[in-house]
Trainee: 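Here's a structure for you.
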Number of protein chains: 2
Amino acid sequence: MSDAQPEPTLDRPAVLERKGAFADRDAWIASGWCRLESALEVVGTRSAMVLVREVFYGATRFDELVRRTGLSEAVASGRLKDLVGHGLLERRPYREPGARTRDEYVLTDLGSRLFPVVVGLMAWGEDLRDDHHSGVQLVHRDCGAALEATVRCTAGHDVPLDEGAVRLKDEDWARGAVRRA
Amino acid sequence: MSDAQPEPTLDRPAVLERKGAFADRDAWIASGWCRLESALEVVGTRSAMVLVREVFYGATRFDELVRRTGLSEAVASGRLKDLVGHGLLERRPYREPGARTRDEYVLTDLGSRLFPVVVGLMAWGEDLRDDHHSGVQLVHRDCGAALEATVRCTAGHDVPLDEGAVRLKDEDWARGAVRRA
DNA sequence: CCCCTGACTTCTGACAACCCAAGTCAGGGT
DNA sequence: ACCCTGACTTGGGTTGTCAGAAGTCAGGGG
């Protein structure tokens, strides 16, 4: 069986269509190019994701984050430093009268842009389970309907998996990179 | 500073609004309820995600998956078994004339529903990097525009972070669960 | 029977993630 | 100066993930 582009049929599930030079997928195996892996290096740990989750739920203080995530203080501290360093969170000093200066952790724009990922993972996690009573649900504040992550293109079209494609970002650049390697 | 619902202001980034009994977030700290963590238990490893990625790009055969992910055979084999066991992939025997029976790995419906997560992580990973030449881009097959993951409610509204909320899925059930613990 | 080949299993070792416990550091107040 | 408190650091231990290497298993063909 050659690596032809798989055709969706009743028993062949859809996948992305490979376009341009990427149709020959095996010609483009390079380390360090994958944005998925870049993302996972930053948020690919349970501790990062549960901290991000709690910040999305409104926690800002270290003690809240530790309590609500169940992480140890050592892990929370280290991971928060990491997330701040990567630009997902920002650390801001604040002070209540009569108390010491403390820091709160707030989302940056980059951190906020993880929202669809968090929504998507939570919706997907729901699919995994038989139990539909425990836990929380993300909803639309005004209408109450459940949230889900969807895929769209920058031109505004809804794009299901079978209408998606994958291509090299910059074919000329990639050809040069392969030549230089 | 009390854990009031944070109000979005110019310098206070948006977060989800906590609704109903979940407004008191600290009252609902329980292990095992979180769908995000359920999801991460299945796909929260680099090996799982890069395998899923390659299946989305059209790979089906073991040797393709090993080569394109760069994973060791041992890791790929174990992780594929895991993904099949969790229902993301299905293993199907096929046979070319004159060759032995082999298995291909194809997406199940559950696996396909990771599409927005993969798109979201890749888009987010792009935000992380300075380099916009290397790697691939996910695009809309017909119009060529880049894909992104967005959040919408099941009623069809687009829901940015500041219009999202989080509530207990089943307040009565949750009250009972806390009482029983 | 043997051979080939693809997939899997086993083993070793390195590293990362995370828990727990103890201790240190630093910002304020008195 | 001391004290309190919140956040961080350090150390030890466990577990999981993964690479690399070697070996085994299993499906076919001759």
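So you know, we letter chains A, B, ... as the sequences are listed, proteins then strands, and number each from 1.
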Trainee: How would you label the contact of B/Gly70 with the nucleic acid (heavy atoms, under 4.0 Å): base, sugar-phosphate, or nothing?
Mentor: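 Sugar-phosphate, no base atom in range.
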Trainee: Please report, rounded to the nearest Å, how far the P atom of C/dG6 is from the CG atom of B/Leu80.
Mentor: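 From B/Leu80 CG to C/dG6 P: 17 Å.
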Trainee: Taking OH from A/Tyr94 and P from D/dA7, how many angstroms apart are they, rounded to a whole number?
Mentor: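 After rounding, the reported distance stands at 7 Å.
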Trainee: Nearest to the A/Ala74 side chain among D/dT9, D/dC18, D/dA7, which nucleotide is it?
Mentor: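 The nucleotide sitting nearest to the side chain is D/dT9.
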Trainee: To the nearest Å, give me how far apart CG (A/Asp63) and P (D/dC8) are.
Mentor: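 After rounding, the reported distance stands at 11 Å.
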Trainee: Parallel, tilted or perpendicular: which one describes the rings of B/His133 and A/Trp173, with boundaries at 30° and 60°?
Mentor: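 Ring orientation of B/His133 relative to A/Trp173: parallel.
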Trainee: Any side-chain donor-acceptor pair under 3.5 Å between B/Asp131 and B/Ser134?
Mentor: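 Looking only at side-chain atoms, B/Ser134 and B/Asp131 do form a donor-acceptor pair, the distance falling under 3.5 Å.
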Trainee: At under 4.0 Å, does any side-chain N or O of B/Arg46 touch on OP1 or OP2 of D/dG16?
Mentor: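 Answer no for this pair, as no side-chain N or O of B/Arg46 is under 4.0 Å from OP1 or OP2.
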Trainee: Taking only the side-chain nitrogens and oxygens of A/Arg67, find out if one of them lies under 4.0 Å from OP1 or OP2 of D/dG6.
Mentor: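 Answer is no, no contact under 4.0 Å.
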Trainee: Which whole-number value in Å describes the distance from B/Glu37 CD to C/dC18 C1'?
Mentor: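 Checked: the CD to C1' distance equals 13 Å.
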Trainee: OP1 or OP2 of C/dA7 sitting under 4.0 Å from any side-chain N/O of B/Arg102?
Mentor: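 Affirmative; the distance criterion is met.
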Trainee: Is A/Arg100 side chain donor-acceptor paired with the D/dG6 base, going by distance under 3.5 Å alone?
Mentor: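 It does, because a donor-acceptor pair links the side chain of A/Arg100 to the base of D/dG6 below 3.5 Å.
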Trainee: Restricting to non-hydrogen atoms, name the atom on A/Thr150 and the atom on B/Pro116 that form the minimum distance, rounded to 0.1 Å.
Mentor: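 Closest approach of A/Thr150 to B/Pro116, heavy atoms only: N-CB, 4.4 Å.
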Trainee: OP1 or OP2 of C/dC20 versus the side-chain N and O atoms of A/Ser72: is any pair under 4.0 Å?
Mentor: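 So the side chain of A/Ser72 is outside the cut-off, no N or O lying under 4.0 Å from OP1 or OP2 of C/dC20.
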Trainee: At under 4.0 Å, does any side-chain N or O of A/Arg79 touch on OP1 or OP2 of C/dC18?
Mentor: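 Answer is yes, contact under 4.0 Å.
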Trainee: Please tell me whether B/Phe22 and A/Val139 are part of a single hydrophobic cluster in this structure, the criterion being side-chain heavy atoms less than 4.5 Å apart.
Mentor: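 No.
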Trainee: Measure from the side chain of B/Phe62, starting at C-beta and using heavy atoms only, and say which of C/dC18, C/dC8, D/dC8 lies closest.
Mentor: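 My answer, after comparing the listed nucleotides, is C/dC8.
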Trainee: Of A/Ala48 and A/Gly98, whose closest DNA chain C nucleotide lies nearer the 5' terminus?
Mentor: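 With A/Gly98 and A/Ala48 compared, the 5'-side residue is A/Ala48.
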Trainee: Is A/Ser77 near enough to D/dA7 that one of its side-chain N or O atoms lies under 4.0 angstrom from OP1 or OP2?
Mentor: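 Indeed not, no polar side-chain atom of A/Ser77 lies that close.
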Trainee: Take atom CG of A/Leu89 and atom C1' of D/dA7, then tell me their distance rounded to the nearest Å.
Mentor: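 Atom CG in A/Leu89 sits about 16 Å away from atom C1' in D/dA7.
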Trainee: How long is the line joining CD of B/Glu73 and P of C/dT10, in whole Å?
Mentor: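 Whole-Å distance recorded here is 15 Å.
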Trainee: Going hydrophobic residue to hydrophobic residue with side-chain gaps under 4.5 angstrom, can you get from B/Tyr57 over to B/Leu114?
Mentor: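 Yes: a chain of side-chain contacts under 4.5 Å links B/Tyr57 to B/Leu114.
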Trainee: Expressed in angstrom and rounded to an integer, what is the separation of A/Leu40 atom CG from C/dA17 atom C1'?
Mentor: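 Taking atom C1' of C/dA17 as the reference, CG of A/Leu40 is at 15 Å.
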Trainee: When the distance from CG of B/Asp82 to C1' of D/dC18 is rounded to whole Å, what number comes out?
Mentor: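 The distance from CG of B/Asp82 to C1' of D/dC18 comes to 14 Å, rounded to the nearest Å.
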Trainee: Let's see if you can work this out: which of C/dT9, C/dG29, C/dA7 has an atom nearest to the side-chain heavy atoms of B/Lys81?
Mentor: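 Looking only at side-chain atoms, B/Lys81 lies closest to C/dT9.
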